[in-house]
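Worksheet for the structure shown next.
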Amino acid sequence: MSVHFEDEDFDQQKSLDRKTFRRIAGTVRPHWKWVAGFLISICLVSGLDSFFTYLSKRILDEGILAKDVQALTSLLTLYGILILVQAAGVYAFIYLVGVLGELIRYDLRRKMFNHLQELSLAYYSRTPVGWIMARVTSDTERVADLTTWGLLDASWAVMNILTAMIFMLIINWKLALVVLGLLPILLWVAIEFRRRILAEFRLVRRFNSQITRSYNENITGVRVVKALGREKENMREFSALTSEMYKSGFKAAWLSALFLPTVQILAALAVGTIVWYSGVQSQAGKMTIGGIYAFVTYITFMMWPIQDLARVFAEMQHAIASAERIFNLIDLEPDVKDLPGALQPASIQGDIIFKNVSFGYDDDPPVLHNFNLHVQRGETIALVGPTGGGKSTIVNLLCRFYEPRQGSIYIGNKDYRKLSLKAIQSRIGMVLQTPYLFSGSVRENIRYGRLDASDDEVEEAARLAGAHDFILRLEKGYEEPVGEGGGLLSVGQKQLISLARAILAKPEIFIMDEATSSVDTLTETQIQKGMETLLKQCTSFVIAHRLSTIRRANRILVIEEGKITEMGTHQELLRKQGKYYQLYTRQFRHQMERALDPFEQSSAA
C-alpha cells in the first residue's frame, strides 16, 4: 500500500513545476516586507561589489598611473566609506533572511500539522508514518532553505551579473556584447542539466520516504522483529532501498558536479577571448590598463555567480520535489468533513439510531450490511462476536471517523452528518484495546482529557478508573514520567490511565474497546464498581472478549458478518442457549480449567 502511495505521488510531479513555483512564492508572500528588505540589501551590496571594481579601475588609471595624489586620496576615501555601507548591508540581509527562514518553516509546519489533524482516520490507515514525517521535517526544511538562502544566493548572482554587464558596457560595449553572447549557451546548459537533475532528485526523495518509513516500522516494532528473527530479512530489504537511493543520488551528484566544470570551461574561453581582444584594443589606444584589469575582473566576477546559480539550481530541484510533496499533502481533502452550516449543539444526548447502514473500508467488501440499531439514551450496549465481525466498525462509524456508504446514523433525532465533527467527537470518550499515552507525566496524560481540570478532579478520575492506588506506588506518583508512548508502564497501567483520561472528559457517549483486557480480576472489579456511576450518566458501548465484564449491560449484541445475530440481556441470551451461550460457557469452562490445572499453576509460579 505504501508503494502505491509513493508511485501515485511520483507520477503526478512532472506537470507541477509552474504551479509549484507559484505556490512556493505564495509561502513568501505574507512576509513580503522581510523579502523586500533583504532584496534591497542584496541589491545595495551587489551594486557596491561591481562599483568597487570600477572604482579600482579609476584608482589605477586616475591615481596611480597618473600619479595624482589628490585624486588617489579622494578615491580611497570614497572606497572606505562605501565599505562601511556595504558591511551594514551584509548585516541587514543575513539578519532578514534568517528571520524569514524561521517564519516560513513555522508557517509550513503549522499548516501541515493543522491539516493532518483535519484528515480522516482512513488517511492514517493507508499512509505510512514515515511518509508523513518526511514531509513535515526534511521537506519543510528544504523548501524554507530555497525561499531564503536559495533566493538570496540567486538574487545575489543575478544582481552581480547585471551590474557587471552594466559596467562592462560603460567601459567597452563591443567587448561586453562578446560576453553577452555566451549567456544563451550557459542558459541552454542550465536547461539541459535541469531536466536530468530534477528527475534523479525526485527518485531520491521517493526512496528517502520509503527508507524513513522502514526506520519507523523497525524501531516501533523492534519487539516483533526480534521475536520473529526478522533482522536479516529486514536488512536485505533495507539494503535494497538504500542501494536504489544511492544510485539515484550518485547520478544526481554526478550531473551536478559536471555542471560546474562545464561553466568553468566556458568561463576560461571567455576570459581568454577577452584578454586577447583587450590586448589588441590596448595597442590601438582604445583600452587603458585599468580598463583591461576591470574587464577581466568583471568576467571572473560574472562566472562565479553563474557557478553559484548552478549550485542553487541543483538544490532547487531537490526543493521543488519536496514542495510538490508538501502541497500534495496539504491539498488532500478529508474523507469526512463538516457540511456547510454544520450544527454546534450544546449537547448530543439522546437516542442513537443506525438506519439501514452499510459500510466497507476502501475497496474491501462491506463489513456492515443493512445494519439497524436503536439505542436509547443512557443505555449500555455490549458488542461481542468473532474478530472481523464489525464491532469496531460500529463504534468507528458512531465516532464519525468514517461515514456510512449507505443509510444514516441519528444522534438525538438529528442526522449526525448535519452536526459538526467537533460537536460529536468532543463529547465522546473512548478507551482503546491498545492504549496510547503521550510523553509527559501521569497527571498530564490524565488531564489531556480536559485541560482545565484541577488536580483533585484528575485524582478523582483516577480513583473511578481504579488507577489511583498503582499511581501512588510509583516513585513520583502522579508526576512520574510515562515515557514515549507510555513505554515505562505496563499495558494494564496504560489502560487504566487511558480510562481515567476518558472519565475526566465527562463524555456523553462512552466507548470501551477491550479497555480491561490487560488488568487483573481484582482491578477489573474495582473498575466496574467505579464505572457504574459514570455509565448511568451517558450512553455507552462496550466491546469485550472477556464476557464476564458485560453481564450488567442493558443489552448484549452478538455481531457476526456485519449483522446482529442475537440481542438481549445476559440472562436472556443464556436462556436462549445460542451463540452467546456457546461463547460464554466456552470461555467460562476455559477459565475454570486454568484455575483448577495444578500444572499450569505451578508453571505460572
If you draw a 6.0 Å radius around CZ in F438, do more than 12 non-hydrogen atoms from other residues or ligands fall strictly inside?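 Count over threshold, so yes.
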For F470, does the CZ atom sit with more than 12 other heavy atoms under 6.0 Å from it, leaving out its own atoms?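 Enclosed: over 12 neighbouring heavy atoms sit under 6.0 Å from CZ of F470.
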Would [X] and [Y] pass as an ion pair if we require N to O under 4.0 Å?
X    : Y    : value
K576 : E566 : no
R450 : E457 : yes
E333 : K337 : yes
D469 : R463 : no
R447 : E444 : no
E379 : R555 : yes

[X] [atom1] to [Y] [atom2] distance, which is reported to the nearest 0.5 Å:
X    : Y    : atom1 : atom2 : value
E403 : D335 : CD    : CG    : 9.0 Å
I424 : R417 : CD1   : CZ    : 10.5 Å
S358 : F371 : OG    : CZ    : 11.0 Å
I556 : L573 : CD1   : CG    : 5.5 Å
I326 : D331 : CD1   : CG    : 11.5 Å
I411 : N413 : CD1   : CG    : 11.0 Å

From CA spacing to verdict: side chain to side chain contact (heavy atoms under 4.5 Å, CB included), V395, L383: CA-CA 10 Å; V395 298; L383 305 174; 4.2 Å; yes
How are the rings of Y361 and F359 set to each other: parallel, tilted or perpendicular (split at 30° and 60°)?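 Taking F359 first and then Y361, their aromatic rings stand perpendicular (interplane angle over 60°).
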What is the ring orientation for Y584 with H570, classed by angle as parallel under 30°, tilted 30 to 60°, or perpendicular over 60°?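 Correct class here is perpendicular.
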Are side-chain heavy atoms of [X] and [Y] found at a separation under 4.5 Å?
X    : Y    : answer
I381 : V542 : no
I497 : I446 : yes
V482 : V442 : yes
L329 : L116 : yes
N445 : Y478 : no
L368 : I394 : yes
R443 : D455 : yes
F401 : M430 : yes

For [Y], does its backbone N or O pair with a side-chain atom of [X] as donor and acceptor, under 3.5 Å?
X    : Y    : value
T565 : V558 : yes
Y416 : L397 : yes
S490 : Q493 : yes
E118 : H115 : no
K391 : P386 : yes
Q425 : C399 : yes
S441 : E479 : no
S439 : G485 : no

For F113, the option from Q117, R109, R110 that meets side-chain contact (heavy atoms from CB on, under 4.5 Å):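 Between F113 and the candidates, side-chain contact (heavy atoms from CB on, under 4.5 Å) is satisfied uniquely by Q117.
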Looking at V143, L332, T27, which one forms a side-chain contact (heavy atoms from CB on, under 4.5 Å) with F327?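 It is T27; the other options fail the test.
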Give the minimum heavy-atom separation between [X] and [Y], together with the two atoms involved.
X    : Y    : value
A423 : S426 : O-OG, 3.9 Å
P481 : L488 : O-CD1, 3.7 Å
F510 : I503 : CE1-N, 4.5 Å
M112 : V136 : CE-CA, 3.7 Å
E560 : K579 : OE1-CE, 3.5 Å
R105 : A144 : CG-CB, 3.3 Å

Going by atom type alone, with no hydrogens or angles, which donor-acceptor pairs under 3.5 Å involve a side-chain atom of residues 339-357 and a protein atom two or more places apart or on another chain?
residue : atom : partner : partner atom : Å
Q344    : OE1  : S420    : OG           : 3.1
Q344    : NE2  : S420    : OG           : 3.2
S347    : OG   : Q349    : N            : 3.1
S347    : OG   : E508    : OE1          : 3.1
S347    : OG   : E508    : OE2          : 3.3
Q349    : OE1  : R377    : NH2          : 2.4
D351    : OD1  : R377    : N            : 3.0
D351    : OD2  : H374    : NE2          : 3.0
N356    : OD1  : N372    : ND2          : 3.3

Determine whether D139 and S322 satisfy the following criterion, side chain to side chain donor-acceptor pair (under 3.5 Å), listing intermediate values before the conclusion. CA-CA 5 Å; D139 284 341; S322 295; 2.8 Å; yes
Check the pair N554 / T569 against side chain to side chain contact (heavy atoms under 4.5 Å, CB included), numbers first and verdict last. CA-CA 6 Å; N554 298 110; T569 64; over 6 Å; no
Is there a side chain to side chain contact (heavy atoms under 4.5 Å, CB included) between F541 and V375? Walk through the geometry before answering. CA-CA 10 Å; F541 290 76; V375 180; 3.9 Å; yes
